[in-house]
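The figures that follow rest on heavy atoms only: side chains count, while hydrogens, waters and symmetry mates do not. Along the sequence shown, residues are numbered consecutively beginning with 1.
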Amino acid sequence: MDRQVESVTILHQDHVPAEQLGSGRERRIIHTAGLMTVVIDFQGGPWAEPDPMHTHPHEQITYVASGEILFISAGAQPVRLKAGDLFAVPPGIPHGIQLLSASARLVDSFTPIREDFLKP
């Protein structure tokens, strides 16, 4: 977190280094007790294959802020999404993405918060 003003948290992108998640992936996180928003930047696309699908017990809504992805979820046809599009995933549904453009920025919101994303 960048700074707290009373009970409000502010995260300035240019003041907080992104967490590096491996090759061509980085994220910034802000959260309250029950809601988390994660800005994740992807580089190095387009990818030849999608990431492996994953599940979690959290509700998720994702906004595609830039770039283009293929959204993949269990039991549904893959959907091509571009900047301005959104998707929502109920808890426990296998899902993943494939980067179709050179880069993309996704803004994920989770409830409850992803404790597994927080550093000890």
Testing the basics here: between [X] and [Y], what is the closest heavy-atom pair and its distance to 0.1 Å?
X	Y	value
Arg80	Leu70	N-CD1, 3.8 Å
Asp85	Leu81	OD2-CA, 3.5 Å
Ile69	Ala104	CG2-CB, 4.2 Å
Pro91	Pro57	CB-O, 3.6 Å
Ser73	Ile93	CB-CG2, 4.5 Å
Pro78	Ile72	CB-CG1, 4.2 Å

What distance do [X] atom [atom1] and [Y] atom [atom2] have between them, rounded to the nearest 0.5 Å?
X	Y	atom1	atom2	value
Arg25	Leu99	CZ	CG	8.5 Å
Ile97	Asp51	CD1	CG	6.0 Å
Ile61	Glu59	CD1	CD	7.5 Å
Ser66	Asp41	OG	CG	7.0 Å
Phe42	Ser101	CZ	OG	10.5 Å
Ile30	Leu35	CD1	CG	10.0 Å

(request) Could you walk me through whether Leu106 and Val64 pass side chain to side chain contact (heavy atoms under 4.5 Å, CB included), step by step? (result) CA-CA 5 Å; Leu106 303 183; Val64 181; 3.8 Å; yes
(request) Determine whether Leu11 and Val107 fall in the same hydrophobic cluster, where Ile, Leu, Val, Met, Phe, Trp and Tyr are linked whenever their side-chain heavy atoms lie under 4.5 Å apart. (result) no
(message) Would you say Phe71 ends up clustered with Leu100 if hydrophobic residues are merged whenever their side chains have heavy atoms under 4.5 Å apart, either directly or through other cluster members?
(response)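 Result: no, two separate clusters.
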(message) What I want to find out is whether Arg28 reaches Glu19 closely enough, with some N-O distance under 4.0 Å, to be called a salt bridge.
(response) no
(message) Consider side chain to side chain contact (heavy atoms under 4.5 Å, CB included). Of Asp108, Leu118, Thr111, which one does Met36 pass it with?
(response) Leu118
(message) Go through it in stages, so that I can follow the logic: the residues are Arg114 and Val38, the test is side chain to side chain contact (heavy atoms under 4.5 Å, CB included), and I'd like the CA-CA distance, side-chain angles, deciding distance and then a yes or no.
(response) CA-CA 10 Å; Arg114 300 271 317 244; Val38 179; 5.9 Å; no
(request) Please indicate whether Leu21 has more than 12 foreign heavy atoms, meaning atoms of other residues, nucleotides or ligands, lying under 6.0 Å from its CG. (result) yes
(message) Test side chain to side chain contact (heavy atoms under 4.5 Å, CB included) on Gln60 and Thr62; report intermediate values, then the result.
(response) CA-CA 6 Å; Gln60 175 182 348; Thr62 298; 2.9 Å; yes
Test item: [X] side-chain N/O and [Y] main-chain N/O as donor-acceptor pair under 3.5 Å:
X	Y	answer
His54	His95	yes
Gln98	Trp47	yes
His56	His58	yes

(request) Look at the aromatic rings of Phe110 and Phe117 and report parallel, tilted or perpendicular, splitting at 30° and 60°. (result) perpendicular
